[in-house]
A.B. asks: 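This is the structure I want to talk about, given as structure tokens.
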Amino acid sequence: MAVFLRLAVVAAATAAAASDPYAAGYPSPWASGGPGWDEAYAKAKEFVSGLTLLEKVNLTSGTGWQADECVGNTGSVPRLGFRGFCMQDGPLGIRFTDQNSAFPAGINAGATFSRRLMRLRGEAMGEEFYGKGIDVQLGPASGPLGRVPQGGRNWEGFGADPYLAGVGMAETIQGIQSRGVIACAKHWLLNEQETYREKVSVTVDDRTMHELYMWPFADAVRAGVGSVMCSYNKIESIYACENNWTTNYLLKNELNFQGFVMSDWGAQHTKLGSALSGLDMAMPGDFMSASKTYPPYNAMWGGNLTESVLRGEVPQWRLDDMVVRIMAAYFKVHTGKYTARPDTNFYSWSQNAVDFLHKSSKTHRQVVNKFVNVQGNHAALIREIGAKSTVLLKNTYSALPLRRPTSIAVFGRDAHDDPAGPNACPDRACINGTVAMGWGSGTANFPYLIAPVTALRARALADATLFANISDNYNLSAAASLAASASAALVFVTANSGEAYLSVDANAGDRNNLTLWDNGSALVAAVASTNPNTIVILHTAGPVALAALKANPNVTAILWAGLPGQESGNAILDVLYGAVNPQAKSPFTWAETPEAYGATPMFKAADPLNPAQTFDEGVFIDYRHFQRSNTRPTYEFGFGLSYTAFGYANLRVTPVVDGVAVPAAVVNAGRTAAAPTFGTVDRRLEANLAPEGFEKVWPYVYPWLSGRNVSVAPAPGAAVTAMTNGSAQGADVSNEGEVAGTEVPQLYVQLGGTENPWGVLRGFEDVHLEPGETKTVVFELTRRDISNWNTTSQNWEIWGKEKFVFVGSSSEKIRLNATLPAPKGLRWTAS
Ligand code: NOJ
């Protein structure tokens, strides 16, 4: 393996003049183009220059909950034939429609540790969203990151490590956007639990903010993501969607984000505060509840924003910047064969061909669903990712792969179809059949769902293997007696989680504990009491307590299949029978209790009306905590077995660039040029009223003034951003076993000092090896990879503590190590 260091630091400075009305906070940095954005920015400027005030406002403002086809829609520019934007969930496929694919969840994509598969998944999803006429896919997610193992939505993201999540974000975004669809990195920021998510105020120290929670978003921005969704929670008492520190300063200034920020659904709380704090698009635009209105517009933006601009409360440049950002994201993805965009051809609110277009007002009955099949040949990829994201945690006596066993018996409701169909429960909030995704807005309808029992039965028939199955998790004596006669007993168990607006088995999004659901532990124990070859397959949203299964000699194998999507049964079949040699690695740590993780969710706030939480554990979440506290988990982050064995040798570390970083704060000190405006604003009252005779429908959100009087005022100035650069390593990995396999060598860096974890993930590669084959793996390290965030200089800096690199097959199975050479001009001091 060679590890190459390429230094890349993102940092920035803000120049706010004392006379600026926003000097007390951070002015909203205006889009300025830059690498990957220049062409789109130029087109956006031209487009926006030709728009009227009302047209601009229309593109920033949602039309209201259930007001149009998608979960979120903006107004349009009818004069130019430009339809409004369609925003649709979610991170694993298209929500609320038909003839779409249900992909493996983000957590499974993370478990592949495969850049290639992450990218292919993004591309395939992008093709499907494009085909349905969707402009913005509301994903991928890296918030929550996985601070606590029970986090209800952890499975939507890629795992509890910022580096892994960052790679997942970047590959997925590039995949989606290469297919003409804008990706949306969410949820910005510190949205780590479902309980109290709309109220909780989170405090975190600046270093942890940068080294942990912002990290994957920084990668998303560098990958060119077109949009970012601000979250429900508060950050230091200020809602994320009107938090000018996190949006203006951190995201738009420091990370130099050039796309647009949209609110989570209903996460906008103020009209002016959000606009001046950098929000660019309000979603869904109204209040999602008829009881909460905002007369006379039923929205914080729409006509209200028009008024604010005319009155000068929101400067024209800020509105222009919102629209330039939205249109730049649009033009950035609409290139090559994706220049034309299909009309939206589906409808989120019913499966009927004909229905009310505006469900909120029950008007405009027309054809709303065109039933366009967008699945392409994605089933094959879904099956491949399903198999290659299955982590083999235990395999004793070579229990696996199965070799034409005489008889198999399959146990567990989780192996079977939901009798009411795979989409019977709203947003998948139940466990009535095999679990292949969590629940909430991050779900899709299954076009079909191959239950494990379906695939296993077909294989048993072909092999002349005797086959029997039981779906009842509570009839333990029947399970024990069937198990006694089988040469292999396969038990499928689950523990699920999801989004807070739905509860399953009294778990309101976040999981209450780490136990198996649905009598799972008792079922496994009953089967294992009579069968010495019990194989347990876990369809869980995250870690569960496994020590008893690990220690039980009759449990010969344990597999975590996660949330594999529509091809679930076929994917697990491939692994169980060895068509795919397991290669996945666990994207989180497995321990016995929630407390063992060192960070705990807040289930009961001292002040339930103003819940507040400080992330005291700092950067020490998941494996970083277990290493620091010197406690052994049941299975560690990065762990996963194969049917073959791998050798590691020859670690070589080579600096490739001795870059000297100049803090961007120094480069960019001073004032910027004045904020640009595009086009003119017609300030006459009559120019901004609804055209005579236009029939408004309530509660649809429009950009027109209600008729009140307005005044005009001048606009302020703002901020700048910049990037500086950075240095390089390799080792040899060989397949020492009898069968071909893929290993994921992982590189961990010890940054030095007690303030740093023992090691942090900074590289991985999936390497396919034939028996006896050896390959050299090269890891490239960036400057950021070996830096810490300096809270005083507000920059990434390489601290002078001696640093080491470790290469291994998990965060604990370290096979090779070396000292990292200090970049030119630095000398390590032992820590
Ligand atoms: C709220 C969720 O937090 C977000 O992830 C989702 O995209 C929106 N609802 C829209 O459904």
Side-chain angles (χ1 to χ4, degrees), residues 62-74 85-97 105-107 125 129 132 134-145 151-158 169 172-173 176 181-200 202 217 220 225-234 239-241 260-269 279 281-289 346-349 359-360 426-429 437-445 497-502 508-510:
T63 56
W65 180 239
Q66 301 192 321
D68 284 299
E69 302 98 320
C70 306
V71 297
N73 301 268
T74 67
F85 283 85
C86 161
M87 268 61 62
Q88 192 74 5
D89 292 305
L92 62 62
I94 313 172
R95 185 180 180 202
F96 288 152
T97 188
I107 198 70
M125 291 196 296
F129 279 76
K132 289 278 186 188
I134 297 162
D135 299 294
V136 183
Q137 175 175 354
L138 300 174
S142 61
L145 178 64
R153 300 182 74 180
N154 290 357
W155 57 273
E156 293 187 42
F158 301 93
M169 293 292 273
T172 308
I173 287 161
I176 294 169
V181 172
I182 301 169
C184 178
K186 68 186 190 183
H187 305 86
W188 174 264
L189 194 58
L190 304 179
N191 186 175
E192 289 295 317
Q193 64 172 57
E194 287 299 282
T195 313
Y196 298 122
R197 72 171 179 183
E198 277 151 53
K199 289 201 194 101
V200 67
V202 181
F217 286 98
V225 72
S227 68
V228 168
M229 185 189 293
C230 49
S231 54
Y232 282 125
N233 54 291
K234 297 174 185 169
Y239 281 111
C241 291
F260 64 97
V261 176
M262 76 170 81
S263 69
D264 200 341
W265 269 233
Q268 181 194 28
H269 294 269
L279 186 71
M281 185 187 275
M283 279 293 131
D286 63 351
F287 298 89
M288 296 167 70
S289 140
F346 74 101
Y347 185 66
S348 300
W349 319 116
K359 182 171 188 221
S360 55
D427 290 332
R428 310 298 83 79
M437 58 178 75
W439 76 79
S441 65
T443 54
N445 287 336
S497 76
E499 198 175 336
Y501 65 94
L502 293 164
D510 299 325

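Every number for a ligand or one of its atoms is a count from 1 in the order of the listing. All figures in this text were calculated on a predicted structure; none of them were measured in a lab.
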A.B. asks: Mark the output for M87 as yes if a heavy-atom distance to ligand 1 is under 4.0 Å, and as no if none is.
C.D. replies: no
A.B. asks: Salt bridge or not for D510 and R197, using N-O below 4.0 Å?
C.D. replies: no
A.B. asks: Taking 4.0 angstrom as the limit and counting only heavy atoms of R95, give me the atoms of ligand 1 inside it, by number and element.
C.D. replies: 11 (O)
A.B. asks: For the side-chain contact (heavy atoms from CB on, under 4.5 Å) test, which of V136, L138, D135 pairs with S227?
C.D. replies: V136
A.B. asks: Would you indicate whether the side-chain heavy atoms of L279 and Q268 approach each other to under 4.5 Å?
C.D. replies: yes
A.B. asks: Can you pull out the closest protein heavy atom to atom 5 (O) of ligand 1? Residue, atom name and distance to 0.1 Å, please.
C.D. replies: H187 NE2, 2.7 Å
A.B. asks: Would you please name every residue forming a side chain to side chain contact (heavy atoms under 4.5 Å, CB included) with K359, sequence neighbours left out?
C.D. replies: Q66, Y347, W349
A.B. asks: Among protein heavy atoms, which lies nearest atom 9 (N) of ligand 1, and at what distance?
C.D. replies: D264 OD1, 3.5 Å
A.B. asks: Side-chain contact, heavy-atom cut-off 4.5 Å: C70 with F346?
C.D. replies: yes
A.B. asks: Within the structure, is a non-hydrogen atom of R153 found at a distance of less than 4.0 Å from ligand 1?
C.D. replies: yes
A.B. asks: With heavy atoms of E499 as the reference, note each atom of ligand 1 found under 4.0 Å away.
C.D. replies: 1 (C), 2 (C), 3 (O)
A.B. asks: For ligand 1, which atoms, with element, lie under 4.0 Å from some heavy atom of S441?
C.D. replies: 2 (C), 4 (C), 5 (O), 6 (C), 11 (O)
A.B. asks: Which of the atoms in ligand 1, numbered in the order shown and given with their element, are less than 4.0 Å from a heavy-atom of L138?
C.D. replies: 7 (O)
A.B. asks: Kindly write out the residues that satisfy salt bridge (charged side-chain N to carboxylate O under 4.0 Å, His left out) with E156, not counting sequence neighbours, or none if the list is empty.
C.D. replies: R153
A.B. asks: For a side chain to side chain donor-acceptor pair (under 3.5 Å) check, start with the C-alpha distance between T63 and N73, then their side-chain angles and the critical distance, and finish with the verdict.
C.D. replies: CA-CA 6 Å; T63 56; N73 301 268; 4.6 Å; no
A.B. asks: In the protein, which heavy atom is nearest to atom 11 (O) of ligand 1, and how far is it?
C.D. replies: D89 OD2, 2.5 Å
A.B. asks: Under a 4.0 Å heavy-atom limit, does R197 contact ligand 1 with its side chain, its backbone, both, or neither?
C.D. replies: side chain
A.B. asks: Side chains of S348 and Q88, heavy atoms from C-beta outward: is any pair under 4.5 Å?
C.D. replies: yes
A.B. asks: What atoms in ligand 1 come closer than 4.0 Å to a heavy atom of K186?
C.D. replies: 4 (C), 5 (O), 6 (C), 7 (O)
